[in-house]
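None of the values given here were measured: they were computed from a predicted structure.
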There are 2 protein chains.
Amino acid sequence: MLPNPKQMDENLDPRVKRTRKLILDSFGILLAEKNFENISVQDVTDKAQINRATFYAHFQDKYALLDYSVSKMFMQEIEKRTLNACHYTPDNLRSLILAVCEFLGNMHSSCAQPHEQFESLIENQIKKHIFGLLSHWLSQSKVKLSTEIPATVATWAIYGLASHYSHMKKRPALEKFVDEALPLVSVNLEQFA
Amino acid sequence: MLPNPKQMDENLDPRVKRTRKLILDSFGILLAEKNFENISVQDVTDKAQINRATFYAHFQDKYALLDYSVSKMFMQEIEKRTLNACHYTPDNLRSLILAVCEFLGNMHSSCAQPHEQFESLIENQIKKHIFGLLSHWLSQSKVKLSTEIPATVATWAIYGLASHYSHMKKRPALEKFVDEALPLVSVNLEQFA
DNA sequence: TCAAATCTGTTGACTAAGCAACACTGGAGA
DNA sequence: TCTCCAGTGTTGCTTAGTCAACAGATTTGA
């Protein structure tokens with residue numbers, strides 16, 4: 001039932017890949033049309049031209065679909081920047097903040113009126129990924145300090161920055177915004193550099 | 001095994017529609033890249049991301065696929081102009097000639113170097129459709145004459161014209177070309193008007 | 001000229017997707 | 001209040017698609 005999208009989608013049965021792609025694509029289109037609360041499982045399966053029972057063979061409900069969809073998109077963003085296989089450096093941190101800002105920015109552009117519930121579901125999912133990534137980075141450091149607190153602080157800070165950025169009426173240049181914010185996040189992580 | 005593409009594709013199992021669409025789309029893309037002789041069933045199934053055995057559940061071989069593909073495209077062209085549900089008039093005949101010219105014209109633009117075998121397979125398929133259509137038209141006339149000879153002559157004339165048109169180095173305006181040719185075809189059919 | 005490689009068409013066992021039906025829930029409205 | 005309606009999950013059975021393996025045909029090239 002798709003606990004996480006990390007498991008290689010490559011070795012899967014082609015039918016499964018096809019079905020998931022149909023579901024995800026349809027879901028993306030629907031999200032651009034109306035907000036998450038008003039999208040039913042029926043809507044998704046109708047657009048995807050698959051049977052409703054098939055949907056439930058892949059996802060527990062539409063919330064699981066949202067989690068999976070957000071996770072998958074976010075991870076692609078991370079992998080594109082090869083941030084999944086590296087360690088902590090100020091520059092990698094900068095890339096990460098950039099990625100989160102861009103991701104949330106795109107989300108806001110491509111989705112119809114975002115609603116509270118929708119945003120908080122996304123927030124939880126993304127923060128989980130950021131935290132996992134930071135923990136991984138910090139654990140590779142020679143200094144063997146506890147990573148939990150610093151990773152938590154940085155995670156919330158990064159998400160907060162990105163959320164703030166994506167909600168701004170007049171968004172400033174992304175690079176400028178990130179460069180200004182970076183020191184406030186990196187200050188707690190430098191010990192792992 | 002798909003004797004003709006006429007049977008309503010609507011009521012089919014969604015999986016079947018999906019698979020056929022995947023095959024047809026991939027075939028179309030491949031035809032734009034290389035000529036028919038050099039396209040293997042493997043190429044098609046690889047691009048379509050379906051199993052080779054599945055292909056053979058739908059088509060006998062790649063020649064059957066070509067027949068089906070050409071027939072389907074041509075019939076869509078005919079239905080678009082609502083020529084499938086009408087009778088003989090000079091104006092409908094004109095539309096038909098236009099349709100065949102456009103169809104072959106597009107075919108030549110969108111396919112890589114057409115080869116002999118490829119063209120003759122298409123020719124047979126298209127002529128079959130033209131003949132069927134004309135026979136249907138003429139049979140609706142009040143005059144109960146044999147339609148076979150006139151329909152045959154007109155079929156070959158129409159295909160010949162369209163083939164000629166599509167092979168021309170500098171194609172003249174289509175409307176002009178058709179208007180000039182029309183009388184030479186209609187002369188044998190007027191008795192059914 | 002022989003061998004390796006590639007494509008073909010087919011099979012049988014397995015798995016995913018389709019479908020119709022079900023009981024259940026939570027509104028919306030007369 | 002009751003009923004109607006639309007959506008939710010779930011089930012048992014059917015059908016389509018996958019896969020690995022096979023024998024045979026053709027081509028390639030050493």
**Request:** Work out which heavy atom in Leu96(B) is nearest to a heavy atom in Ile78(B); give both atom names and the distance.
**Result:** CD1-CD1, 3.8 Å
**Most 5' of Ser40(B) and Pro14(B) on DNA chain C, judged by nearest nucleotide** = Ser40(B)
**Message:** Taking Asp179(B) first and then Arg94(B), would you say they form a salt bridge - that is, a charged N and a carboxylate O separated by under 4.0 Å?
**Reply:** yes
**Asked** To the nearest 10 degrees, how far apart in direction are the end axes of the helix from dT1(C)-dA30(D) to dA30(C)-dT1(D), each fit to five base pairs?
**Response** 40°
**Item:** Spacing of Gln60(B) atom CD relative to dG9(C) atom P, expressed in whole Å
**Value:** 9 Å
**Check ion pair Glu102(A)-Arg81(A) (N to O, under 4.0 angstrom)** = yes
What's touching nucleotides 12-16 of chain C from the protein side, N or O pairs under 3.5 Å?
residue: dT15(C); atom: O2; partner: Arg15(A); partner atom: NH1; Å: 2.8
residue: dT15(C); atom: O2; partner: Arg15(A); partner atom: NH2; Å: 3.3
residue: dA16(C); atom: O4'; partner: Arg15(A); partner atom: NH1; Å: 3.3
residue: dA16(C); atom: O4'; partner: Arg15(A); partner atom: NH2; Å: 3.4

**Prompt:** Between atom CG in Asn38(A) and atom P in dA6(D), what is the gap in whole Å?
**Reply:** 16 Å
**Asked** Side chains of Ser109(A) and Asn106(A): do they bring a donor and an acceptor to under 3.5 Å?
**Response** no
**Asked** Looking at Tyr56(B), does any N or O in its side chain come under 4.0 Å of the phosphate oxygens OP1/OP2 on dT10(C)?
**Response** no
**Request:** Measure the distance from CD on Gln42(B) to P on dT26(D) and round it to the nearest whole Å.
**Result:** 17 Å
**Prompt:** Is Lys62(A) reaching over with its side chain to a backbone N or O of Ile39(A), donor-acceptor style, under 3.5 angstrom?
**Reply:** yes
**Length of the line joining Phe59(A):CZ and dT8(D):P, which is rounded to integer Å** = 15 Å
**Item:** salt bridge (charged side-chain N to carboxylate O under 4.0 Å, His left out) partners of Arg15(B), counting only residues at least two apart
**Value:** Asp13(B)
**Request:** Indicate whether OP1 or OP2 belonging to dG18(C) is found under 4.0 Å from a side-chain N or O atom of Arg18(B).
**Result:** yes
**Message:** Please check if the number of heavy atoms outside Gln140(A) that lie under 6.0 Å from its CD is greater than 12.
**Reply:** yes
**Request:** Using distance alone, with no hydrogens and no angle criterion, decide if His129(B) and Ser71(B) have a side-chain donor and acceptor under 3.5 Å apart.
**Result:** yes
**Asked** Where each residue is assigned the nucleotide of DNA chain D containing its nearest heavy atom, which of Asn51(B) and Asp43(A) is assigned the position nearer the 5′ end?
**Response** Asp43(A)
**Request:** State, without any angle test, whether Ser95(B) and Asn92(B) hold a side-chain donor-acceptor pair at a distance under 3.5 Å.
**Result:** no
